[in-house]
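Here's the structure, in structure tokens; my notes come after.
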Amino acid sequence: MNNQKLYEIALTLVPGVGIVNGKKLVAYCGGAEAVFCEKKKALTKINGVSENVIKSLDSKEVMKKAEKEIEFVLKNGITPLFYLDQDYPKRLQHCHDSPLMLYYKGNADLNTQKVVGVVGTRNITDYGRYVTEKIIEDLSADNVLIISGLAYGVDSVAHRAALKYNLATVGVLGHGMQIIYPAENRKLSTNMLEKGGILTEFVSGTQPDRENFPKRNRIVAGMIDCLIVIESALKGGAMITADIANSYDREVFAIPGKIGDIYSEGCNQLIKTNKANLINSAADIRYVMRWDIDTKVVAKQMRMFRDFSEDEKKVMDVFDNNSIVHLDDIIVGTDLSPSKIASVLLSLEFDGVLTALPGKRYQKL
């Protein structure tokens, strides 16, 4: 493993650095290793980066911990993914609070075309189990990647159903990879490594403390195109994940339940407050996500009869070899005003050149 990874991991271990300041330091210096080599006086110019953080960059203890983590990931076949790496989940990359580093073990493509999160109560009912398995079975035709939190209840059922119907599935952990929590899911996690994987932002040795799980939930919400809430009480991890998914402009779906059922109250509330689409089947998801439209055929037909304007060429140049690009990248990559970009994108959508995806992303067809 190259020296760059050592510095990238070390940056995440600097006391007080945090996600925002970590990214500021990398942007200012040009890379993680450059952060540790930069003159400390220059770093004081970065707004929000404290003197204590700057002093900690010289800490021998930080580098010792980073070296220990490198040993752990090499021994256990784990891949560290820095937020600027090509294989880092691109959907998550565009979230303002995306982790500086992820630790991934598995073989699933985290940037595959369709990624679906499935969450819900640990106290899953027989009905919830049936619905989870049925929806995932029906989604198998779409070759989606299923993301969940490897917890009791809905999470476990979703992972097992994905494996049963030959879909890749990734579990996001709220702790380091030295353990699997709950321990009962250890065998399940092993099976997931054959078609999917496990993922965490936490270094080895991190315990499954309560405060870690909301952080885990934001990763689930950031990695996906859409989220399905199967069953949930009014409060709980699934509701937190749904709120975060909404804040990331992801589509949220919820299964309606009986009035008075404690584990239907959350789903019913999401639907009632227009924070989730009511769904009865995978077909509803397919319709909202526009997966049932053969957009490639439409696009090919439309492109045969049009020429690109200068502004359209600027937008299309941002895509380069990428099929999916975030709106922020289009804004940065062109000299056009936001209103002009909106107009150009709308024109390209009408003509079937691009299609809008959840989360302010656009796909080249």
For Ile135, does its backbone N or O pair with a side-chain atom of Asp138 as donor and acceptor, under 3.5 Å?
-> no

Between the main-chain N or O of Asn52 and the side-chain N or O of Ser56, is there a donor-acceptor pair closer than 3.5 Å?
-> yes

Worked check of side chain to side chain contact (heavy atoms under 4.5 Å, CB included) between Val35 and Val14 = CA-CA 11 Å; Val35 171; Val14 174; over 6 Å; no

Point-to-point distance, once rounded to the nearest 0.5 Å, from CD1 of Ile9 to CG of Leu100 = 12.0 Å

Measure the spacing between CZ of Arg286 and CG of Asp142 and express it to the nearest 0.5 Å.
-> 4.0 Å

What residues, two or more places apart in sequence or in another chain, satisfy side chain to side chain donor-acceptor pair (under 3.5 Å) together with Asp209?
-> none

Quick check: does any side chain N or O of Ser264 sit under 3.5 Å from a backbone N or O of Gly260, one acting as donor and the other as acceptor?
-> no

Decide whether Val172 and Tyr181 are clustered together by the hydrophobic rule: side chain heavy atoms of Ile, Leu, Val, Met, Phe, Trp, Tyr closer than 4.5 Å, transitively.
-> no

Output yes when a side-chain donor or acceptor of Asn212 lies under 3.5 Å from a complementary backbone atom of Gln207, and no otherwise.
-> yes

Closest heavy-atom pair and its distance - Glu211, Pro214 | O-CD, 3.5 Å

For atom NZ of Lys24, decide whether the heavy atoms of other residues, nucleotides or ligands shown that lie under 6.0 angstrom number more than 12.
-> yes

Any pair with a residue in residues 224-247 that passes ring-ring contact (aromatic ring centres under 6.0 Å, His included), sequence neighbours left out, goes on the list, sorted by first then second residue, please.
-> none

Between CG on residue Leu327 and CD1 on residue Ile341, distance to nearest 0.5 Å | 6.5 Å

Rounded to the nearest 0.5 Å, how far apart are OG of Ser189 and CD1 of Ile179?
-> 11.0 Å

Residue pairs involving residues 77-90 (criterion salt bridge (Lys or Arg N to Asp or Glu O under 4.0 Å); sequence neighbours excluded) = Lys5-Asp85

Smallest separation among heavy atoms of Val170 and Ala108, with atom names | CG2-CB, 4.0 Å

Donor-acceptor pairs are to be reported for all side-chain atoms of residues 227-237 against protein atoms at under 3.5 Å, with residues two or more places apart or in another chain.
| unit_1 | atom_1 | unit_2 | atom_2 | d |
| --- | --- | --- | --- | --- |
| Glu231 | OE1 | Thr125 | N | 3.0 |
| Glu231 | OE1 | Thr125 | OG1 | 3.2 |
| Glu231 | OE2 | Thr125 | OG1 | 2.5 |

Side chain to side chain donor-acceptor pair (under 3.5 Å) partners for Ser204, two or more places apart | Glu69

Got a sec, which residues hit side chain to side chain donor-acceptor pair (under 3.5 Å) with Gln4, two or more places apart in sequence or on another chain?
-> Glu8

Within one Ile-Leu-Val-Met-Phe-Trp-Tyr cluster: Met223 and Ile78, side-chain cutoff 4.5 Å = yes

Got Lys275 and Val252 here, is their nearest side-chain heavy-atom distance under 4.5 Å?
-> no

Taking only distance into account, with no hydrogens and no angle test, what donor-acceptor pairs under 3.5 Å do side-chain atoms of residues 40-51 form with protein atoms, sequence neighbours excluded?
| unit_1 | atom_1 | unit_2 | atom_2 | d |
| --- | --- | --- | --- | --- |
| Lys40 | NZ | Glu38 | O | 3.3 |
| Thr44 | OG1 | Lys41 | O | 2.5 |
| Ser50 | OG | Val53 | N | 3.2 |

Between Pro208 and Phe213, the two heavy atoms sitting closest are O-CE1, 3.5 Å

Does any pair with a residue in residues 109-147 pass ring-ring contact (aromatic ring centres under 6.0 Å, His included), and if so which ones, sequence neighbours excluded?
-> none

Begin with the C-alpha distance, continue with both residues' side-chain angles, and end with the deciding distance and a verdict on side chain to side chain contact (heavy atoms under 4.5 Å, CB included) for Leu270 and Met239.
-> CA-CA 8 Å; Leu270 288 171; Met239 296 296 282; 3.8 Å; yes

Nearest non-hydrogen partners of Lys23 and Ser98, listed with the distance | NZ-OG, 2.6 Å

Look at the side chain of His159 and the backbone N and O of Thr169, then say whether any donor-acceptor pair between them is shorter than 3.5 Å.
-> no

Side-chain touch Leu173/Leu199, heavy atoms, less than 4.5 angstrom = no

Flag side-chain contact, heavy atom, 4.5 Å: Ile262 against Asn123 | no

Taken in chain and number order and not counting sequence neighbours, the residues that satisfy side chain to side chain donor-acceptor pair (under 3.5 Å) with Thr132 are none

Distance-only, no hydrogens or angles: does the Arg129 side chain make a donor-acceptor pair with backbone N or O of Val157 under 3.5 Å?
-> no

Does any non-hydrogen side-chain atom of Thr241 lie less than 4.5 Å from one of Ile244?
-> no

Nearest heavy-atom contact between Leu145 and Ala168 is CD1-O, 3.4 Å

Between Ser148 and Val154, is any pair of side-chain heavy atoms under 4.5 Å apart?
-> no

Beyond-backbone contact of Leu102 with Leu92, side-chain heavy atoms, under 4.5 angstrom | yes

Which atom names give the shortest non-hydrogen contact between Cys226 and Trp291, and what distance separates them?
-> SG-CH2, 4.4 Å

Find out if a path of hydrophobic residues (ILVMFWY) with successive side-chain heavy-atom gaps under 4.5 Å connects Ile19 to Met101.
-> no

Say whether Met289 and Leu278 are linked into one hydrophobic cluster, either directly or through other cluster members, by side-chain heavy-atom distances under 4.5 angstrom.
-> no

Sort and list the pairs that fulfil ring-ring contact (aromatic ring centres under 6.0 Å, His included) and have at least one residue in residues 30-57, not counting sequence neighbours.
-> Tyr7-Phe36

Are more than 12 heavy atoms from other residues, nucleotides or ligands located less than 6.0 Å from atom CZ of Arg122?
-> no

According to a 4.5 Å side-chain heavy-atom criterion applied to Ile, Leu, Val, Met, Phe, Trp and Tyr, with indirect links allowed, do Tyr28 and Val20 form part of one hydrophobic cluster?
-> no

Using modelled atom types only, decide if a donor and an acceptor are shared between the side chain of Asp155 and the backbone of Val119 within a distance under 3.5 Å.
-> no

Side-chain H-bond candidate by donor/acceptor type, Tyr362 with Asp329, under 3.5 Å = no

Pairwise side-chain contact, Pro99 with Ile219, heavy-atom cut-off 4.5 Å (strictly under) | yes

When you check the gap from the basic side-chain N to the acidic O, do Lys64 and Glu67 get nearer than 4.0 Å?
-> no

Can you spot which of Lys215, Arg216, Met177 makes a side chain to side chain contact (heavy atoms under 4.5 Å, CB included) with Thr200?
-> Met177

Kindly indicate whether the side chain of Lys65, heavy atoms from C-beta on, has any atom under 4.5 Å from the side chain of Val203.
-> no

Check the pair Tyr152, Ile124 against side chain to side chain contact (heavy atoms under 4.5 Å, CB included), reporting the backbone distance first and the verdict last.
-> CA-CA 8 Å; Tyr152 288 120; Ile124 189 171; over 6 Å; no

Given the rule in the side chain to side chain contact (heavy atoms under 4.5 Å, CB included) test, do Val288 and Ile279 qualify, once you have shown the distances and angles that lead to the verdict?
-> CA-CA 10 Å; Val288 173; Ile279 58 167; 5.8 Å; no

Residue pairs passing the ring-ring contact (aromatic ring centres under 6.0 Å, His included) test with at least one member in residues 49-95, sequence neighbours excluded, are His94-His326

Is any NZ, NE, NH1 or NH2 atom of the basic residue among Lys313 and Asp317 found under 4.0 Å from an Asp or Glu carboxylate oxygen of the other?
-> no

What residues, two or more places apart in sequence or in another chain, satisfy salt bridge (charged side-chain N to carboxylate O under 4.0 Å, His left out) together with Arg91?
-> Asp225

